[in-house]
Amino acid sequence: MDFLLPDFTPAYPEIFLLFMICVIMLADLFVGEKNRLLSFYLSLLTLAGCSFITYDIYSTEVRYTFSGMFVGDAMSDTLKLMIYPTVAAVLIYSRAYISLRGLLKGEFFSLTLFATLGMMVMVSASHLITLYLGIELLSLSLYAMVALQRESAVATEAAIKFFVLGALASGFLLYGMSMLYGATGTLHISELTKSIQQGTADHDIFIIGLVFVVAGISFKLSAVPFHMWAPDVYEGAPTAVTLFIGSAPKLAAFGFVMRLLVEGLGELATDWQGMLVLLSVASMAVGNFVAIAQLNIKRMLAYSTISHIGFVLLGFIAIGENGYSSAMFYVIAYVLMTLGAFGIIMLLSREGFEADKISDFKGLNQRSPWLAFMMLLIMFSMAGVPPMIGFYAKLAVFQAVLEAGYVWLVVVAVILALIGAFYYLRIVKFIYFDAPEDTRPILFKPDVRILISTNGLAIVLLGMFPQALMGLSLSAIQNSM
Amino acid sequence: MLFGFPLLSLIIWLPIVSGLIVFLMSDRNTQAVRWVALAGSVAGFLVTLPLYSGFDTSMGSMQFIERNVWFERLNVYYYLGVDGISMPLILLNSFTTPLVVIAGWEVIREKVSQYMGAFLIMSGVLNGVFASLDAILFYSFWEASLVPMFIIIGVWGGPNRIYAALKFFLYTFLGSLLMLVALIYLYQASGGSFSILDYHHLPIPMAAQILIFIGFMVAFAVKVPMWPVHTWLPDAHVEAPTGGSVVLAAILLKLGGYGFLRFSLPITPDASHELSWILIALSLIAIVYIGIVALMQRDMKKLIAYSSVSHMGFVTLGFFLFNPIGIEGAMVQMISHGFISGALFLCVGVLYDRLHTRMIADYGGVVNKMPVFAALFMLFAMANSGLPGTSGFVGEFMVIMGSMEVNFWYAFFAALTLILGASYSLWLYKKVVFGAVANPNVEGMKDISAREFLVLAILAVAVLALGIYPLPLTEVMHVTVDNLLEHVARTKL
């Protein structure tokens, strides 16, 4: 039997990243406490390297490798190119925060990078097993990261909750996948589609499998009614980890849903469309209503995430290029906003003090007008006020859904968005209208200042000129389908 | 001027950019901040003058058009243009901004750069609302105008400012979102266009027209505001700082009126005819009932706020009479109300800066101490009650004439305002200005400074000029209004 070496090209970024993780782990063993920042810089360098490689191998062709288990296409490469800067931003925002809390350890960086590797595998999977491997690599790294602050009871509790529910969700997913395998006899996503098209398999088994798959996906996306873990994990985890959980993995989750539901089970779209309608409306409703009652800003943002996921799902409901690309645009917009929001929470925190109450934002305008202005932009963007990017993301999704003929869904979404505006406004109210309780100055390094300014301005400028990002999302989807 | 200099862009972005500069100056040198803000706002006004001088009054279509692709995926354009309806409103807005800056000159001491910056940015954004011909561009400016006003009320407002700011924001936001749904529907129906002018010629079935009309109506009625969704206005006015009240009354309320003319009437003409009775009824209720409510007020700002609602009732009444004199009268009323209500809020601001109370009962005998002020205040109170010779008379008279053509009883109820308006305006004036000095604090009041005089005098000239010779305004809008009516008369079914 001939042994053919597979084409490694599409997987170059993953291979490079894995190699660098090993280097960082080894190097970390030999540097002292003082030079711990070496891992930080090496991680950033690694991400830069990955970006370079991915950019270099970027092509609009679809390239399968490893016996069709792994794919490189425009969507995977675009999403990867979004994931790297997001992870890098997470690391830069977190640096001061983690070093004050004794988390500036090699583990933080290697786990972050392992999670990144998991995300990359997720968006590049063309086989159910690869998909599962990616999602587990990501999830296991995240569980460990939540528990990184060993002595914190809240964090440990959050980690256990996250792990138990996450494992359950993985079980669902696997069970669903086994059903699909049983019905079609293949685990290759592309062959799955063919076999459904031919109609040789029993439709009922597909539906049962689909239900489990969708439930598993909803867990990972934190869509209602599978959202229970999100608020506790967001609140309990160290803010740096919350920022990470809330940002880059959503990009990967988008890729994951695209691979599984659209590429694999696209023929069953009419079946999962109805399920997603329910999930989406429930997520928007629960997310927006419950967020109003929160006093902890991390918890509030967790519910806000849930509601945003509802809007992202709207894009999938619309089915078709416009719908998927608008969902992708929404996810990217969401990641930008989340990065900024949690970044600011971390900037307000100090040694031994977590700025995680909404009231900690009181009078921010008097303490730091620039930070206050950035938070204002982020909050209005989340509420969907133009000219911030959040509005155009909602607009694109609404347009796609209306095109698909769901007028009532848009009306419901609009009303829920209005309710959502209330709690975002409340943050602005605290920032601008109230007097500060804590007048100590906010200290942060110039690199973070540059990052938060870039982040805030990106929210406005990408909103005023959404063409580039929308075009990018559309071409990524068009070239991969 | 079709493909010439991008004048409208300059009119929109000059105030926004100068506002950002002011905003970034921070408060180290507040005097410099004020001068830069003044320079920016005056420059913002001066660049609008070519708009008037270069305007072709014989043309009913859009002028000064600019059109560039904004984002292709949704077929959205950066599409600007003005006609006889939007052009006067842009002038009014740019004219008001320097007055607001001067009015806040010494009064605002905290966070001056943010205050001035917010007003300048808002001025540019509002010009953008009036000049946009693309629905998404329009909506973007429309919503963006909420943000600075929210901050202005919430930061520099009175004791109950937070409630007022939230109420202001949420009321308008609700209306706007329904409008957004209507716009996206129109986008689908027109086969993928966001151009407002395309919508004007789009045939729409009656059922859809009614729904779209209601979507727009909610958005614009909240903004005007019409009875019964007017309740945010008195709260917002009472709590807002003087400058905020002026812009709110003079410009923001006009957005609603403008929306009816640009969207509701031409896009859904059949539904507008069908449902005009609702709008007329609500307008008449606003004119009469809110006029009576205004009589009951003890707070000067609340009284003027209710008087605004009542006067804006004339605007919506005029629009839905579907005759040229009604619409033109409503337009004149919008501009004139911008001057008069702005001036009245400034007068209250003058009094408030001295005594720090807005209660009518705390004043009395002001004329003894502030004769110059009393004279100017008198003029504006008279104008508010619709005295011939002032701008307030022209608009109201035209709308009453227009309603007489349609139905005697419309005219009868509308004309009641002449009694009611005179009652509350003069009653306010009498209690505050005449009589013996009731309150020892009034003894210590100084007459208006040169700065205050300048602002009020400019407005006084505007009120009188428009009252005595309204032709420059009406001739600008005449052809556009005729065109609009001709368009509305055609069915789109």
Side-chain angles (χ1 to χ4, degrees), chain A residues 321-322 325-326 329 365-366 369-370 372-373 376-377 379-380 383-388 391-392 394-396 398-405 407 410-411 413-422 425-426 428-434 460 463-475, chain B residues 23-24 26-27 69-76 78 110-111 113-114 117 125 128 136-147 150-157 161-163 165-166 169-171 173-189 192 194 208 211 215:
Chain A
E321 279 167 7
N322 273 346
S325 68
S326 63
F329 182 64
N365 187 32
Q366 288 172 29
W370 185 244
F373 184 58
L376 170 96
L377 294 180
M379 286 298 122
F380 277 119
V385 176
M388 271 63 87
F391 165 71
Y392 299 94
K394 286 203 168 74
L395 176 72
F398 288 165
Q399 185 268 333
V401 176
L402 259 188
E403 207 170 59
V407 180
V410 174
V411 174
V414 160
I415 292 168
L416 291 171
L418 169 75
I419 292 160
F422 175 75
L425 275 185
R426 201 172 48 173
V428 177
K429 181 211 120 183
F430 275 121
I431 292 174
Y432 276 88
F433 306 167
D434 289 350
V460 180
M464 288 167 88
F465 306 100
Q467 171 63 38
L469 203 50
M470 276 187 182
L472 191 69
S473 313
L474 191 61
S475 73
Chain B
F23 188 77
L24 290 175
S26 80
D27 289 335
V69 177
W70 185 16
F71 48 106
E72 243 175 272
R73 151 87 167 73
L74 294 176
N75 210 2
V76 176
Y78 177 77
E110 268 178 47
K111 302 181 206 128
S113 62
Q114 294 188 7
V125 168
I136 291 303
L137 188 64
F138 171 85
Y139 187 81
S140 299
F141 280 124
W142 171 278
E143 290 281 272
S145 73
L146 291 179
V147 180
F150 177 70
I151 300 291
I152 288 167
I153 298 177
V155 175
W156 295 276
R161 60 187 198 276
I162 292 167
Y163 169 77
L166 280 175
F169 194 96
L170 290 177
Y171 259 68
F173 201 55
L174 169 73
S176 329
L177 283 173
L178 289 175
M179 172 167 76
L180 182 63
V181 177
L183 290 178
I184 299 179
Y185 175 87
L186 286 168
Y187 172 77
Q188 281 331 121
F194 270 122
L211 287 177

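From a predicted model like this one, the values you see are computed outputs, not experimental measurements. Proteins get letters first, then strands, A, B, ... in listed order; numbering begins at 1 in each.
Between chain A and the residues Y187(B), Y185(B), Y78(B), the largest count of heavy-atom pairs under 4.5 Å involves Y187(B). In terms of heavy-atom pairs under 4.5 angstrom with chain B, the leader among S473(A), A421(A), P466(A), G471(A) is P466(A). By number of non-hydrogen pairs under 4.5 angstrom with chain A, the leading residue of V181(B), L24(B), V125(B), I162(B) is I162(B). Looking only at heavy-atom pairs under 4.5 Å with chain A, the residue among V69(B), L183(B), V147(B), L166(B) that has the most is V147(B).
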Applying side chain to side chain donor-acceptor pair (under 3.5 Å), run through E403(A) and N322(A) and close with a yes or a no. CA-CA 9 Å; E403(A) 207 170 59; N322(A) 273 346; 3.3 Å; yes
Exercise for the section: Decide side chain to side chain contact (heavy atoms under 4.5 Å, CB included) for F329(A) and L469(A); before the verdict, give the C-alpha distance in whole Å, the side-chain angles of both, and the deciding distance to 0.1 Å. Expected result: CA-CA 7 Å; F329(A) 182 64; L469(A) 203 50; 3.6 Å; yes
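Under the ring-ring contact (aromatic ring centres under 6.0 Å, His included) criterion, W156(B) pairs with Y115(B), sequence neighbours left out.
Heavy atoms of S325(A) lying under 4.5 Å from chain B belong exclusively to its side chain. For chain B, no part of I415(A) is nearby; none of its heavy atoms comes within less than 4.5 Å. If you measure heavy-atom distances from L474(A) to chain B, the contacts under 4.5 Å come from the side chain alone. When heavy atoms are compared at a cutoff of 4.5 Å, F391(A) approaches chain B solely by way of its side chain, counted from C-beta outward. For a residue to count as touching a neighbouring chain, one of its non-hydrogen atoms must lie under 4.5 Å from one of that chain's; by this rule A396(A) touches chain B with backbone and side chain alike.
Aromatic rings of F150(B) and F433(A) (six-membered ring for Trp) have centroids within the 6.0 Å cut-off, being under it. Between F422(A) and F169(B), the distance from one ring center to the other does not fall under 6.0 angstrom.
Rounding to the nearest 0.5 Å gives a distance of 8.0 Å between CG of L146(B) and CZ of F380(A). For the atom pair CG of N365(A) and CD1 of I431(A), the computed distance is 8.5 Å after rounding to the nearest 0.5 Å.
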